2 protein chains.
Amino acid sequence: MTDPETRYKELVDILQKKGTRLTSHRVALARLLSVSEGHPNASTLYLKLQTQFPTISLATVYKTLALLKENGEVLEIVLQGDSHFDGNKPYSHPHLVCSVCHQIYDADEPLITGLLEKEIEGKYSFKIQRHQIVYYGICQDCQNKTSSDGSDRKGIDSE
Amino acid sequence: MTDPETRYKELVDILQKKGTRLTSHRVALARLLSVSEGHPNASTLYLKLQTQFPTISLATVYKTLALLKENGEVLEIVLQGDSHFDGNKPYSHPHLVCSVCHQIYDADEPLITGLLEKEIEGKYSFKIQRHQIVYYGICQDCQNKTSSDGSDRKGIDSE
DNA sequence: ATGAATGCAAAACATTTGCAGCTCA
DNA sequence: TGAGCTGCAAATGTTTTGCATTCAT
């Protein structure tokens, strides 16, 4: 949607307007989130930040993610084992999780989603606030890797 | 779907046919799962079993749930904090989670689901194996409790 | 300068694991 | 009888918390 630079400024702006302090670590996490294309977890974000900010702590990463989430600027995807974070599309949307490589892909919200939610709200008298939709399966890359040439090719391809 | 008694026999049958041993604790968990209407987590199952089997351990509950899950007889619903289990409808289907009372409700799979999955499979070349769809919001009970008479009524109603 | 934010280490959880001993088949 | 199962306790891994110190404003 928005380019990383714009999104970065947006995130910093929001923190500023909320009256929270713009520490170097928060700014760095905002920048990292804005340029992240995947769906990193807290540890991954921490490790990446650590190269530039050797004193940053994992606790600060968690606290800053919580802060951004409270303000609706980060989407948390709760998976088995740990949570993953999206600071670029912080609204409910479906994800595809590959059972082989464990990569997480974004999916567009299908057009009928609105109708579907209306159906559920009517049928169960349930007021929907948000959703987490995850499809598990095999991604295109992993289908190609395992189908054509068979057998396992440890160490031949990139990880 | 099936009544508890039938489902209980089914579960025991499956364990038997798989060649695993029918220990008293496994049989008890099978029975408990078959009569459970909600979506208990491991601790809840453990606590309920403990009243009849004081020596049962939480580890055994986890191991037995894993065994049943491997055989496709239990559905695990991964939520923030812990997993919940359904031994009666062990196939992917949507759930509604109330943000107020944290109750988990079953939803029927909408009829268009098949089409939706075909759309995703085509668009992303992703081979879907299963899904976990969770809608978060306010359930009917909690809407009624908080809307009409306003304010909080601690201790007046049942928990 | 002062209160919010930080790093650290410890705590809090759910879940898993290793293993000696028990028990179902 | 003996492999599979069990309970126990310890280990694991993620996330949270308490608190003295630091730092943005």
Side-chain angles (χ1 to χ4, degrees), chain A residues 11-32 39-71 74-85 102 104, chain B residues 11-32 39-71 74-85 97 102 104 132:
Chain A
L11 287 173
V12 169
D13 243 46
I14 279 145
L15 289 176
Q16 204 155 37
K17 279 181 187 145
K18 283 282 161 186
T20 64
R21 291 188 182 173
L22 282 186
T23 65
S24 58
H25 294 173
R26 283 183 176 176
V27 171
L29 181 55
R31 171 131 263 151
L32 179 54
H39 302 77
N41 60 16
S43 295
T44 303
L45 291 166
Y46 168 63
L47 289 173
K48 286 195 179 169
L49 290 169
Q50 224 182 13
T51 66
Q52 267 196 68
F53 301 85
T55 68
I56 198 174
S57 73
L58 192 50
T60 294
V61 173
Y62 275 108
K63 284 168 188 168
T64 305
L65 286 171
L67 177 66
L68 289 168
K69 203 187 131 192
E70 278 163 29
N71 287 288
V74 154
L75 177 74
E76 178 173 4
I77 305 145
V78 177
L79 298 181
Q80 180 89 274
D82 61 1
S83 284
H84 294 251
F85 300 89
H102 304 109
I104 302 169
Chain B
L11 288 173
V12 170
D13 242 47
I14 279 144
L15 289 176
Q16 204 155 39
K17 278 180 186 143
K18 283 282 163 185
T20 64
R21 291 191 183 169
L22 282 187
T23 65
S24 58
H25 293 175
R26 284 183 176 175
V27 171
L29 181 55
R31 171 131 266 153
L32 179 54
H39 302 77
N41 60 14
S43 295
T44 303
L45 292 166
Y46 168 62
L47 288 174
K48 286 195 179 168
L49 290 170
Q50 224 183 14
T51 65
Q52 266 195 70
F53 300 86
T55 69
I56 198 173
S57 74
L58 193 49
T60 294
V61 173
Y62 274 109
K63 284 168 188 166
T64 305
L65 285 170
L67 177 67
L68 288 168
K69 203 186 131 191
E70 279 164 28
N71 287 289
V74 154
L75 178 73
E76 179 174 4
I77 305 146
V78 177
L79 298 182
Q80 179 90 275
D82 61 0
S83 285
H84 293 251
F85 299 89
V97 176
H102 304 109
I104 303 169
Q132 183 180 298

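All values below come from the heavy atoms of this structure, side chains included, with hydrogens, waters and symmetry mates left out. Below, read A as the first sequence line, B as the second, and so on, with proteins coming before strands; counting in each chain starts at 1. Keep in mind that what you see is a predicted model, and the values were worked out from it rather than measured.
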| query | If you check the A:Ala59 side chain, which of C:dA5, D:dT17, C:dC19 turns out closest? | reply | D:dT17
| remark: In whole angstroms, the gap separating C1' of C:dA5 from CG of A:Leu65 amounts to 15 Å
| OP1 or OP2 of C:dT15 under 4.0 Å from side-chain N/O of B:Tyr62 | yes
| message | Is A:Ser43 close enough to D:dG13 that one of its side-chain N or O atoms is under 4.0 Å from OP1 or OP2 there? | response | no
| field | For atom CG of A:Asp82 and atom C1' of D:dT16, their distance in whole Å | value | 16 Å
| said: Once salt bridge (charged side-chain N to carboxylate O under 4.0 Å, His left out) is applied, what residue pairs with a partner in residues 12-21 of chain A remain, sequence neighbours excluded? | reply: A:Asp13-A:Lys17
| field | Value in whole Å for how far the C1' atom of D:dT14 lies from CG of A:Leu58 | value | 9 Å
| request: Give the nucleotide from the list C:dG7, D:dT6, C:dA14 with an atom nearest to the side chain of B:Thr64. | output: D:dT6
| request: For A:His84, enumerate each residue passing the ring pair (Phe, Tyr, Trp, His ring centres under 6.0 Å) test, keeping only those at least two apart in sequence or located in another chain. | output: none
| task | Using heavy atoms to find the nearest nucleotide of DNA chain C for B:Ala42 and B:Thr20 separately, return the residue whose nucleotide is more 5′. | result | B:Ala42
| Rounded interatomic separation in angstrom, taking NZ from A:Lys63 and P from C:dA9 | 14 Å
| query | Closest nucleotide of DNA chain C for A:Ser57 versus for B:Gly81: which of these residues is on the 5' side? | reply | A:Ser57
| Between A:His25 and D:dC23, does any side-chain N or O lie under 4.0 Å from OP1 or OP2? | no
| field | Spacing between B:Ile56 atom CD1 and D:dC8 atom P, to the nearest angstrom | value | 11 Å
| query | Between C:dT23 and B:Arg21, is there an OP1 or OP2 to side-chain N/O distance shorter than 4.0 Å? | reply | no
| note | Note: B:Leu68 and B:Leu11 closest approach over all heavy atoms is CD2-CD2, 4.2 Å
| query | Starting at CG of A:Leu45 and ending at P of D:dT14, how long is that distance when rounded to a whole Å? | reply | 13 Å
| said: Quick check on C:dT15: is either OP1 or OP2 less than 4.0 Å from any side-chain nitrogen or oxygen of B:Ser83? | reply: yes
| field | Atom-pair distance (CG on B:Leu49; C1' on D:dT6), nearest Å | value | 14 Å
| field | Residue whose nearest DNA chain D nucleotide is more 5′ - A:Phe85 or B:Thr55 | value | B:Thr55
| From C:dA5, C:dA14, D:dC5, nucleotide with atom closest to A:Arg26 side chain | C:dA5
| message | Under 4.0 Å, counting only non-hydrogen atoms across every strand here, what does A:Ser24 touch: a base, just sugar-phosphate, or nothing? | response | nothing
| field | Approximate separation, where rounding is to 0.5 Å, of A:Leu79 CG and A:Ile104 CD1 | value | 5.0 Å
| task | Work out which heavy atom in B:Asn41 is nearest to a heavy atom in B:Thr44; give both atom names and the distance. | result | OD1-OG1, 2.6 Å
| query | Whole-Å distance between D:dC5 P and B:Leu67 CG? | reply | 7 Å
